[in-house]
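Each remark here refers to the structure printed beneath this line.
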Amino acid sequence: MSKNLRITNNNFIDQTSRISFKFDGKTLYGFKGDTLASALLANNIHLVGRSFKYHRPRGIMTCGSEEPNAILQIGNDSSMTEPNTRATEIELYEGLEASSQNCWPSVNFDIGAINNFFSPLIPAAFYYKTFMWPANFWKLYEYFIRKSAGLGRSPTEPDKDIYDHRYLHCDVLIVGGGISGIMAAKTAAKNNLNTVLIDDKNILGGTTLFQQNECFKINNSYSNEWLKKEIETLNSFNNLTIKTRTTLAAYHSYNYLLARENLTDHLDLKDKKDKIRQRLWKIRAKKVIIATGAMERPLIFDNNDRPGIFLSSSIKKYIDFYGVKCGQKISLFTNNDSAYETAISLNNRGVSVNSVVDIRDKTNSLIVKQVEKLGIKIHWKSSVINTNGYKKINCIEIMKLSDDGTAAVGKKINEECDCLGISGGWTPRVHLFTQSGGKLKFRDEDNVFLPDKSELSQISIGSCNGDFELDEVVKNSVNLTNKFLNVNNNDYENLEIIASKEIDKKNIWLLPSDKPLGKTKPFLDFQNDSTANDIKLALREGFKSIEHVKRYTTTGMATDQGKLSNMHALGIIAETAGVKMGELGTTTFRPPYTPLTFGAIVGRNVGEFFDITRKTPIHDWHVKNKAEFENVGQWKRAWYYPRSNENMHEAVQRESKAARDSAGILDASTLGKIDIQGTDASEFLNRVYTNAWSKLEIGKCRYGLMLNEDGMVYDDGVTTRLSENHYLMTTTTGGAANVLSKMEDYLQTEWPELDVYLTSVTDHYATVSICGPNSKKILSKVIPNLDLSDKKFPHMSFKNALIDNIKCRVMRISFTGEHSYEINIQSSYGKSTWEKCIDAGKEFNITPYGTETMHLLRAEKGFIIAGQDTDGTMTPVDLQMDWIISKKKYDFIGKRSLYRSDTIREDRKQLVGLLTDDPKEILEEGAQIVSETNKQPIEMLGHVTSSYFSPNLNKSIALAVLKNGKKLKGQKMIVPMKDKKINVTVTDTIFLDKENKRLNA
Amino acid sequence: MKKYSIFALIKNAYTYHENWQKAWRDPEPKKEYDAIIIGGGGHGLATAFYLAKKHSMKNIAVVEKGWIGGGNTGRNTTIIRSNYLWDASAGLYDHALKIWEGLSQELNYNVMFSQRGVMNLAHNLQDVRDLKRRTHANRLNGIDAVWLNTNEVKKFCPIINTSPNIRYPVLGGTLQRRAGTARHDAVAWGYARGADAMGVDIIQNCEVKGIRRNGDRVEGIETTKGFIKTKKIGVVAAGHSSIIANMVDLKLPLESKPLQALVSEPVKPIIDTVVMSNAVHAYVSQSDKGELVIGAGTDAYISYTQRGSHDVVEGTLKAILELYPIFSRMKMLRQWGGIVDICPDASPIISKTHIKGLYFNCGWGTGGFKATPGSGDLFAHTIANDEPHKLNADFNINRFVSGDLVDEHGAAAVAH
Amino acid sequence: MFLINCPYCGERDQSEFSAGGEAHIERPKQPTELSDDQWAEFLFMRKNIKGIQYERWNHTHGCRKWFNMVRDTSNDKIHAVYKMGEKPPVK
């Protein structure tokens, strides 16, 4: 480490604890408290990256989140590497490995720099104007464009880190722990408000923390010393939460804010493991105080992008806070007083300042006078018009400015330097304010956008509200806070403040050069390489709106999102177009304030927590018996139960056969179950189902079809009348939640006069379904004292029963066409009931079957599955279920829609059966149906909705929807596949047991 | 119009690019036009372009209340595909896709149409049925979509997590190779430049305040720049369509809802196709600049604020990490919202109205960008001939009365 | 993320609610008497207002009650909430 770059008397860096890190493979050392940037500078490393387009050498330029150049790849591990990390924000830790991006083979020698040579050919948006010939070559051009674009590398393995979310509710949230934020926090906390103060740095205090300057004193102390005491007093409040290393990422409506807390990024590599890396705080604040400060602006002149050129305030922070000299011979270039603070800090620390170049006429503020007193040369009314040095600045060229500021005049002075600090004034950080929907106003005297109107309960205080002078910051912050919180904290009354006040202001958005503009490179957006010339080109080409110019030139679209470039872009546009900046407006600042990891946004909702998994009470049994599962909505349903080496087809064939030959058992617990009670329950069902319900006898079950108001089939299921005013409705597995909320909607909003109560009981009952010719025998073993005779317990009826003294409901209903029972029992007894049935059925070879077999069995009977055989475009008539539409009922949901001109068409697509000419050929579900393949275009008449090989019929069967299908029974059709045509015949939808004999077998 | 080319770039380099022509003029509105297009987005500008190019209507204007391409054209995730289910939609979107294939040359403006393929993933058995059904229909309609099994999906896009152990495993997917992305801004700018060169007046910062009618005919529009006379008005106002419709007491079957999108910081190429998944709701591609471009979902409420709720963004990224766990350390650079006008059947309206001379092109919901050239072409035809082209005949307003909807919920990117 | 004042439960986060579209579109009492046009008007046609809108919300993950809201769709400001069946507050 070049020792002479680090000064020793420093309060913030622990120079006793050395930290080793690597940059581009080279081992270097820094100290605890350093950022990666300060450590690199202490090692005299300025060149850290290459720019996006021209691959120009670029160095560290700032000390914060606005850094455009020092964007590094952190870590080498393929799962833990992180691209595009700002060296100015990352705290140094033992084991940190960083490398520069967007350069090959190295940052020192980068082949891509050849682009700089071609730069005259590639102005803004050149790509819209070329790469069009030959037409099919774009793919090739694009390949190379893509390869050269991008900055860092994405990880290629899954992240091992943990991210977390927490909610936070508070009376007052204060964003920013600088002088304003600290005073506001103390005011709020003192008045017993539940207060939260967050700051993105690891330490509170903002820039005042290291402001030790005669020109800025409070109550006769340096402002940093005064503030330090204030910070100490904050510890005494229990109702104040302070979160450092926490960045406010997004400010949404209704004072909903997102803040990311960094928990491990600063820890040594070995200490990071198994800890939560980042936590996203979801904050709902009654009141928000924004105290986010201001950013220094650069100045725009030829070659203002060389390594060694910094924002002047950053040089100050590096020396005052980190104890690092950015150079040995430093020049400063400014249009305002703040560079003079830097000059004094440097001088105090023994760093020689060559000169200050100031575009203003001589000004006499306190701080300027002090600099003059130190004997530092000031070039008044002058400008740096160019810089030299390829990988590091070594010289600046200074010329006088003409009276109107548009030209460089007089003799050119060359001044050697190894560092240049530039200051173009200050821009309030209004990002959060605008994110929240606040409107900005423009202040002409110093060209700043300031918070104006907001609908939310919030204020901005301090420099983000346009107060740049210390005395005003204190006075206005205190007043605004007191008023906003409706309190009166008089701690800060009668403070004696000494503050140098800026007397003269002057601004030139684009500084002149002695060369024609076209020959210069005055950069605005350092990362995206857009220059003032690009902005002017866009304007010349007719792009007027700021959004157009931004998009055309990509200014402000880099990873700093225009923090440094926006104001100058606006200024140059306004100036060139002759519009007032206030009228031009600004581009929208979009969240997040600084880039936010996907991991933090998602938190713990990854892997198994991606979505909840619903399992039936019998799930463990299925797992134990090697079931394969199917996702149906959030449910895991047993799909089939392969034995030994069976594949799915073999298992399903076996299960299907067993169910019809003897007995099968299905876990039907996932079906939606809705308990319906009330004196108007029957009337309610009349209105939501297409068929009539009033006359359904108690103890009987009925199948119902539910439509959408547009007449299309929505859901179906069997509903049982348990008592006079009590029904149990079942729905499809996937449709349960929607059916309930749809019924609630009608009940509450359209039919509030009905006395009906709906309760979801899906999870309360397990449903065990036994079917097959031996189902009766099995059930009689499970519930011996239940009379199962057809007379006492006929198909479509229900009985209350007891299994081991546990109440259950048994429905005799069938989705397979077999003699079949469904036992509904309290969930906690689901598994034991299932096992009881399995035991009882052993002698009958009872076979558990899954959803696939269920689908096959019902298809043999032509029963539809809503959502598979229907797709939101099928009416009951289309399904050939005219019988289920009550002719007597005046109205039901969707009825009117069935009589529209298109829905009454007779040749709509209708549900039919299909048999393949070759009974072994199984159609593909989703395959299209045509009548002929010779005529182009081929007219598609319908498609296959369900298709299986039926072991019970020993042939393949399919359900399909077919245009005019009702009338086409017996007709030949073709199912054209990619490699063959399959001949099929249109049939009835019922393939097996048309007479329903098996129901009572 | 001076032609753009590499030679033009070289030539202009000598004069420091001082002599480039304006891409379009900035005219004041004339008193009268033969037709006025309300809305200077991609669809509106394309409509004007084809009216001038194919129907010899040169005296036309596009009026835009803000800046051209500033609405959904400049806010979408730029996906272009035509793998729709129904014949009507397939016809419409493939018509557009065919124009995309030669659009840079037609406009002499590089819209960077990049046919990197679009994959749609299936995560449950019904997804598989639906996607296979769509693929079969696409094949018979001459659209190049194919079904891929899980291994083929993995091969085509290796970074997808195709493990069978994730919550909703990838069971396969469809691939349309001709599909891809384009540079959205360039589409608006290219059409604007092309239309302007044929004499179309593009009038920005001109808000329509009213539509003047004489009985059942339109007479012109009231704007912030005064009254402009015309016999034909084509409304292409996307999220704001209902506001224009309400000016003539016309109700449309539309709801305008927030749709959000986001990009990551740029990185070197990591995914070179477009992958969409409806079931877990994640779709992603990578821009030429290197940003991951990610489409989020819609909120269920009506809003004209161009802002949506954070839950939608969180839900989307959750799904992204389910399918691409390698992106956990990638950072969201920017998120934004647009206002999408959604029809009940997730299909657009390109239609005459009962008012003579008033035409609407709206209801594109979450997927209008891909149709831009086709939509403009067909809408121009409809306006010029006062009757629809056969490719947009099914997308009339009357379908909501008859019930003859074009239900594309399954093929829409965002569940409507 | 709105903060919604459910008329039954008080202020809750938006994530507990679901939106139900324009309010006060009453389902016709005699649908069969309507023309196809009139039925389509009920079924599909919406004002889709930019500005003050009366709309329905459901406290899905709370009391499950539907209620009405007055919200400005141009800035998402919620002006009032009121129960189903109650008269909308005057503008």
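As a basis for the values below, the full set of heavy atoms in this structure was taken, side chains included, without hydrogen atoms, waters or symmetry mates. What you see is a predicted model, and the numbers here were worked out from it, not measured in a lab. Naming: A, B, ... by sequence-line order, numbering from 1 per chain.
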Based on non-hydrogen pairs under 4.5 Å, which of B:Arg139, B:Gln105, B:Gln126 is most in contact with chain A?
B:Arg139
Interface residue of largest heavy-atom contact number with chain A, from B:Arg167, B:Lys132, B:Lys22, under 4.5 Å:
B:Arg167
Residue list, side-chain hydrogen bond (donor to acceptor under 3.5 Å, both in side chains) with B:Ser114, at least two apart or on another chain:
A:Glu142, B:Arg116
From NE2 (A:His252) to NE2 (B:His310), nearest 0.5 Å
6.0 Å
Can you tell me how the ring of A:Tyr128 sits relative to the ring of B:Tyr109, calling it parallel under 30°, perpendicular over 60° and tilted otherwise?
parallel
Short question: side chain of B:Lys268, backbone of A:Ala149 - any donor-acceptor pair under 3.5 Å?
yes
Taking A:Asp161's backbone N and O only, do any of them form a donor-acceptor pair with B:Arg329's side chain (distance below 3.5 Å, no angle check)?
no
Picking from B:Leu333, B:Ile270, B:Leu9, B:Ile320, which has the most non-hydrogen pairs under 4.5 angstrom with chain A?
B:Leu333
What option among B:Ile6, B:Leu321, B:Asn165, B:Asn161 has the most heavy-atom pairs under 4.5 Å with chain A?
B:Leu321
Assess whether side-chain hydrogen bond (donor to acceptor under 3.5 Å, both in side chains) is satisfied between A:Asp611 and B:Tyr168, documenting all intermediate values.
CA-CA 9 Å; A:Asp611 196 10; B:Tyr168 297 107; 2.7 Å; yes
Lys/Arg-Asp/Glu bridge criterion (N-O < 4.0 Å) met for A:Arg146, B:Asp272:
no
Honestly, the part of B:Leu171 sitting under 4.5 Å from a heavy atom of chain A is neither
Does any N or O in the side chain of B:His17 come within less than 3.5 Å of the main-chain N or O of A:Leu121, such that one atom is a donor and the other an acceptor?
no
By side-chain hydrogen bond (donor to acceptor under 3.5 Å, both in side chains), B:Asn124 pairs with (sequence neighbours left out) none
Quick check on the interface: out of B:Gly337, B:Ser287, B:Ser264, who has the most heavy-atom pairs with chain A under 4.5 Å?
B:Ser287
